[in-house]
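Let me begin by handing over the structure; questions about it come next.
Each ligand, and each atom within it, is numbered from 1 in the order the structure gives. Keep in mind that what you see is a predicted model, and the values were worked out from it rather than measured.
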Amino acid sequence: MKALIAGNWKMNLNLNEAIELVEKLKNSCSNARDDILICPSFVYLQKVGELIKDSNILLGAQNMYFEKKGAFTGEVSAQMLVDMGVKYVICGHSERRNIFNENDEIVYKKVFSALQNDLIPILCVGENLTERENNVYLEKVRNQIEYIFKKINFENNSESAGRIVIAYEPIWAIGTGKNALPKDAFLMHKTIRATLQEIVGSVFANSIRIIYGGSVNPENIDDLMNVSQIDGVLVGGASLSFESFNRIINYKVTQC
Ligand code: PGA
């Protein structure tokens, strides 16, 4: 399957910086072998969307609200994102879960609403440092996946399960410079795949991209992308500069 290389800009870059970065990426990505995605802040979606219109860079949002419309001050619906040309939306990033108190139920509603509006949700899961140290990290992530996938009734619509992207992002690795070792990421991705197979069956589970996030940078990208279960990366800090994101996009493949 085609890998997904996604940049999550978070609340970074001003308008001029965003434009400059996009212009450079547009040129360098014209022959990209993978799906390249950038997720600017809501307020720059329209501008960035216009700039990448004739390129093969995809537009993503960092968040959304699950209701269709109404009195939800400050929120943005799935349909509003679609209107801006957005194709992907990050759901349940650990910063949303931890700083803005999003729980599994809220994340489930967002994933569900995204699917209903033909957006591709990037569902973020991952354990914190205590959970890792207490050796409950596999269970934690399995529970996060099960909560969402069991609630979404895929019975009549199983192919929508295959559209979801899962981002495994160990919280202790986000913005810390510490990334999961390739062998640890491999184990987690394998566990996630097995969990998905139990819930939606092998065919759809095997078409779900499981990407890794957490301090991905030009130094570790080659090792990570050569792990067989890693179908792409979600990059924060290192997606903010052209040089580093471009190097990540052009990772070196050493095994098939
Ligand atoms: P980081 O962030 O690459 O800066 O660690 C990743 C993320 O939060 O998606």
Side-chain angles (χ1 to χ4, degrees), residues 3-13 17-18 21 25 34-42 44-45 48 57-64 86-102 106-107 110-111 114 119-129 131-132 137 140-141 144-145 148 164-182 184-185 188-189 192 209-225 227 230-251:
L4 174 66
I5 310 294
N8 172 13
W9 293 358
K10 308 190 181 183
M11 201 172 73
N12 292 301
L13 301 181
E17 290 165 340
L21 176 55
L25 283 174
D34 300 316
D35 286 339
I36 311 298
L37 175 73
I38 48 177
C39 304
S41 124
F42 283 141
Y44 300 149
L45 283 173
V48 171
I57 301 177
L58 299 159
L59 188 62
Q62 299 172 17
N63 184 30
M64 53 166 265
V86 169
K87 300 283 182 245
Y88 287 74
V89 57
I90 300 173
C91 297
H93 189 281
S94 63
E95 284 148 19
R96 300 293 321 169
R97 293 180 191 254
N98 294 336
I99 306 170
F100 301 99
N101 298 320
E102 289 187 10
I106 292 173
V107 178
K110 292 186 176 193
V111 169
L119 286 169
I120 300 176
I122 301 179
L123 165 63
C124 297
V125 294
E127 80 284 359
N128 63 28
L129 189 57
E131 289 157 345
R132 172 137 298 250
Y137 52 97
K140 165 72 187 286
V141 171
Q144 287 180 315
I145 300 275
I148 312 260
I164 300 177
V165 174
I166 293 177
Y168 168 53
E169 297 209 298
I171 297 167
W172 49 268
I174 295 177
T176 58
K178 282 190 242 164
N179 62 286
L181 295 174
D184 294 331
M188 182 60 87
H189 284 222
I192 293 173
R209 287 187 286 192
I210 306 174
I211 65 176
Y212 170 80
S215 294
V216 174
N217 61 39
E219 282 74 50
N220 57 31
I221 185 66
D222 297 342
D223 287 343
L224 288 166
M225 284 307 291
V227 173
I230 295 187
D231 306 317
V233 283
L234 181 54
V235 188
S239 72
L240 299 174
S241 104
F242 170 72
E243 285 68 29
S244 59
F245 197 47
N246 191 44
R247 172 63 183 86
I248 288 169
I249 290 168
N250 293 294
Y251 63 87

### side-chain contact (heavy atoms from CB on, under 4.5 Å) evaluation trace for Leu45 with Leu59
CA-CA 8 Å; Leu45 283 173; Leu59 188 62; 3.9 Å; yes
### Task
State the atoms of ligand 1, each with its element, that fall below the 4.0 Å cut-off from a heavy-atom position in Ser215.
1 (P), 3 (O), 5 (O)
### Message
My understanding is that we take every heavy atom of each candidate and find the minimum distance to atom 5 (O) of ligand 1. Doing that for Gly175, Cys124, Ser239, Gly177, which one comes out nearest?
### Response
Gly175
### Query
Which of the atoms in ligand 1, numbered in the order shown and given with their element, are less than 4.0 Å from a heavy-atom of Leu234?
9 (O)
### Query
Short list, please: which atoms of ligand 1 are under 4.0 Å from a heavy atom of Gly237?
1 (P), 3 (O), 4 (O)
### Message
Tell me whether Ser94 reaches ligand 1 (any heavy atom closer than 4.0 angstrom to a ligand atom).
### Response
no
### Summary
Contact region, Asn8 to ligand 1, non-hydrogen atoms below 4.0 Å, reads side chain
#### Entry: Contact atoms of ligand 1, heavy-atom distance to His93 under 4.0 Å
7 (C), 8 (O), 9 (O)
### Query
Which ligand 1 atoms, with their elements, are less than 4.0 angstrom from a heavy-atom of Ala173?
5 (O)
### Query
Just wondering, do Ile122 and Leu37 contact through their side chains at under 4.5 Å, heavy atoms?
yes
### Query
Does Lys10 NZ have over 12 foreign heavy atoms under 6.0 Å away?
yes
### Message
Whether the side chain of Asp231 engages the backbone of Ile210 through a donor-acceptor N/O pair (distance < 3.5 Å, no angle test) should be reported.
### Response
yes
### Query
Got a sec, which residues hit side-chain hydrogen bond (donor to acceptor under 3.5 Å, both in side chains) with Ser41, two or more places apart in sequence or on another chain?
none
### Task
Just jot down the ligand 1 atoms closer than 4.0 angstrom to any heavy atom of Glu169, in number order.
6 (C), 7 (C), 8 (O), 9 (O)
### Summary
Out of Gly214, Ala6, Pro170, Gly236, the nearest non-hydrogen contact to atom 3 (O) of ligand 1 is supplied by Gly236
### Task
Consider every N or O of Lys10 and every N or O of ligand 1, then say whether any pair is closer than 3.5 Å.
yes
### Task
Please tell me if the side chains of Leu58 and Ile36 come closer than 4.5 Å, counting only heavy atoms from C-beta onward.
no
### Tyr168: partners by ring pair (Phe, Tyr, Trp, His ring centres under 6.0 Å), with sequence neighbours left out
His189
### Message
Is it the case that the side chain of Gln62 and the backbone of Cys39 share a donor-acceptor pair, with hydrogens and angles ignored and the cut-off at 3.5 Å?
### Response
yes
